[in-house]
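Below, all heavy atoms of this structure are taken into account, side chains as well, without hydrogens, waters or symmetry copies.
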Amino acid sequence: MTNHNFTNPNILPTGKPQGQSAMQTPANGDDAQINAQTNGQHTNNHYSNNVGETTHFGYQTINAHEKEAKVGQVFTSVATKYDIMNDLMSFGIHRLWKRFAIKMSGVRAGQHVLDIAGGTGDLAKVFSRKVGRLGRVVLSDINQSMLEVGRTRLINAGCNNVDFVLANAETLEPFADNTFDLVTISFGLRNVTDKQKALEAMHRVLKPGGRLLVLEFSKPVFEPLSKAYDLYSFTALPLMGKVVAGDGESYQYLAESIRMHPDQDTLKTMMTQADFINCDYHNLTGGIVAVHRGFKAR
């Protein structure tokens, strides 16, 4: 299990920043596909894991080495308002999404759980209660501002079986192979540059028979809902971000990052390619969000 001294984010080890590796790009690479992305119509049907010198930051194409700083700026900016913005943006429904994911986790007393990109600790707080005093939860994030908010929140809640570790989802370098019974990542995978590499790292740190849960925004399954969701995402979200968090641009990026994320079937395929078995997914709220699940073979 992780070293229990890893509780001060100022002294925690960090892996290779996510933004240093290249973003997957559409496999066909044609101008029509790129134009569709910039119009908010990207469907991810041609999502690829090709590595190059450029990456996507929302709909922008940037040099790969710039992504780390840009994503870091977004989450440093929104950290203190992250929870209230989640409530406002989802009308509180994100709590139901997370409750469903926790129910699917099957977590039990005494188990070891890794919550990747766990930010302010919504899931880690619940897992802390479920694993009990004989279990252990690690709340990890690559962004120190987010991790510090989560650390303060969970310590104040009396969660004394939680460690807080700065970690890169693409490598999970602080953690040994076959360490965790459960690995979760909630609304964080879309911000990871090399998603396939991250899934492989998650598989590595799971114990044989362990379970991965990915809770993430996805592609609505009904076209009218998809159009309404696009309208809401690209008008209301930046406006709320500007008024409440004082940062409309960050929430414009978050809306764009959702559209650039792989759709349900693509992500399921990627999990299979990372050697997960019995992979499935469950659409929530018409596919606006999906919970993906996979297991490591025994």
Side-chain angles (χ1 to χ4, degrees), residues 1-15 18 75-76 78-84 86-87 94-95 97-189 191-192 198 201-202 204-207 210-216 291 296:
M1 188 57 187
T2 185
N3 187 328
H4 291 176
N5 293 326
F6 288 171
T7 55
N8 183 347
N10 292 320
I11 61 172
L12 296 182
T14 59
Q18 292 172 354
F75 285 95
T76 298
V78 305
T80 58
K81 299 290 185 179
Y82 188 77
D83 288 331
I84 189 171
N86 279 347
D87 281 330
H94 76 99
R95 298 177 184 272
W97 296 334
K98 291 172 182 175
R99 188 179 303 170
F100 183 85
I102 291 167
K103 184 177 180 180
M104 287 186 62
S105 73
V107 67
R108 301 188 303 275
Q111 291 190 325
H112 291 167
V113 178
L114 172 62
D115 186 21
I116 301 170
T120 57
D122 279 356
L123 268 65
K125 183 178 178 181
V126 179
F127 290 140
S128 171
R129 294 197 301 265
K130 288 186 174 293
V131 302
R133 61 185 182 86
L134 297 180
R136 203 76 191 173
V137 177
V138 176
L139 173 62
S140 74
D141 205 291
I142 197 172
N143 185 277
Q144 183 166 318
S145 295
M146 293 289 289
L147 190 62
E148 287 175 345
V149 171
R151 181 174 185 267
T152 299
R153 181 182 179 191
L154 268 62
I155 289 176
N156 289 343
C159 299
N160 56 9
N161 59 349
V162 180
D163 294 322
F164 306 89
V165 181
L166 283 171
N168 180 351
E170 291 181 5
T171 61
L172 299 177
E173 286 180 348
F175 309 115
D177 296 357
N178 307 317
T179 297
F180 299 98
D181 300 285
L182 171 68
V183 172
T184 64
I185 181 166
S186 174
F187 302 115
L189 185 60
N191 297 305
V192 176
M202 296 173 201
R204 176 183 65 79
V205 301
L206 272 173
K207 296 178 181 178
R211 179 180 309 196
L212 168 67
L213 285 183
V214 179
L215 174 62
E216 187 56 87
V291 181
K296 184 171 181 175

Taking all non-hydrogen atoms of both residues into account, name the closest pair between [X] and [Y] and its distance.
| X | Y | result |
| --- | --- | --- |
| Leu154 | Gly121 | CD1-O, 3.7 Å |
| Val192 | Ala169 | CG2-CB, 4.0 Å |
| Gly188 | Ala117 | CA-CB, 4.1 Å |
| Gly132 | Asn161 | O-ND2, 2.9 Å |
| Ala124 | Val137 | CB-CG1, 4.0 Å |
| Ile116 | Met202 | CD1-CG, 3.6 Å |

Do any side-chain atoms of residues 102-110 form donor-acceptor pairs under 3.5 angstrom with protein atoms, and if so which ones, sequence neighbours left out?
from	atom 1	to	atom 2	distance (Å)
Ser105	OG	Ile102	O	2.5
Ser105	OG	Val107	N	3.3

Roughly how far, to the nearest 0.5 Å, is the [atom2] atom of [Y] from the [atom1] atom of [X]?
| X | Y | atom1 | atom2 | answer |
| --- | --- | --- | --- | --- |
| Glu148 | Leu166 | CD | CG | 8.0 Å |
| Leu123 | Arg99 | CG | CZ | 12.0 Å |
| Leu213 | Leu215 | CG | CG | 8.5 Å |
| Leu114 | Leu182 | CG | CG | 8.5 Å |
| Asp141 | Arg151 | CG | CZ | 14.5 Å |

message = Is the ring pair Trp97/Phe187 parallel, tilted or perpendicular, if the boundaries are 30 and 60 degrees?
response =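 Trp97 and Phe187: tilted rings.
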Is it true that a side-chain atom of [X] and a backbone atom of [Y] form a donor plus acceptor pair closer than 3.5 Å?
| X | Y | answer |
| --- | --- | --- |
| Gln111 | Asp181 | no |
| Asp115 | Leu139 | no |
| Asp163 | Val138 | no |
| Arg136 | Val131 | no |

query = Is Lys207 atom NZ crowded by more than 12 heavy atoms from other residues, nucleotides or ligands, each under 6.0 Å away?
reply = yes
inquiry  = Consider side-chain contact (heavy atoms from CB on, under 4.5 Å). Of Asn178, Leu212, Leu172, which one does Val205 pass it with?
reply    = Leu172
key: For Lys125, all residues meeting side-chain hydrogen bond (donor to acceptor under 3.5 Å, both in side chains), sequence neighbours excluded   = none
Ionic contact status for Arg153 with Asp122, cut-off 4.0 Å =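 Between Arg153 and Asp122 there is a salt bridge, with a charged N closer than 4.0 Å to a carboxylate O.
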